[in-house]
Student: 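Got a structure for you, questions after.
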Amino acid sequence: MPTYSYIADNPEDGCLSCRKGFDLRRPINRPALTHCPLCKKPVRKLVSGFSTPKLTKPLSISDAKSAGFTILEKRCDGNYEKL
Ligand SMILES: [Zn+2]
């Protein structure tokens, strides 16, 4: 069963789970989830491979982008490979 990542459409309006994103296992033939199962607020599916900003606990998605979360990770890997 594939695992999908969802995040609140409006991160300031969701509950504790969907505000920072959550993973959900669903049969592949089921339609995509449109609302959070906990707070019933609209959620959207995250594209697989895109790392969710759940570790940094950002205030908003734009904050996560400006923090350069994924870019910083790649930079660290590169530094280690050079050493
Ligand atoms: Zn929710």
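Every heavy atom of this structure was used, including side-chain atoms; hydrogens, water molecules and symmetry mates were not. We count residues from 1, following the sequence as given. Just follow the structure's listing: the first ligand is 1, and inside any ligand the first atom is 1.
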Student: Starting at OH of Y4, measure out to CG of D23 and round the result to the nearest 0.5 Å.
Tutor: 12.5 Å
Student: Taking all non-hydrogen atoms of both residues into account, name the closest pair between I7 and C18 and its distance.
Tutor: CG1-O, 3.5 Å
Student: Nearest 0.5 Å please: distance from the SG atom of C15 over to the NZ atom of K20.
Tutor: 10.0 Å
Student: For K41, enumerate each residue passing the side-chain contact (heavy atoms from CB on, under 4.5 Å) test, keeping only those at least two apart in sequence or located in another chain.
Tutor: D13, C39
Student: Which atom pairs, one a donor and one an acceptor, fall under 3.5 Å between side chains of residues 25-38 and the rest of the protein, sequence neighbours left out?
Tutor:
unit_1, atom_1, unit_2, atom_2, d
R26, NE, P31, O, 3.4
R26, NH2, P31, O, 2.8

Student: Please report the closest heavy-atom contact between R44 and D9, naming both atoms and the distance.
Tutor: CD-OD1, 3.4 Å
Student: Please give me the protein atoms (N, O or S only) lying under 2.8 Å from the Zn ion (ligand 1), ordered by chain and number.
Tutor: C15 SG, C18 SG, C36 SG, C39 SG
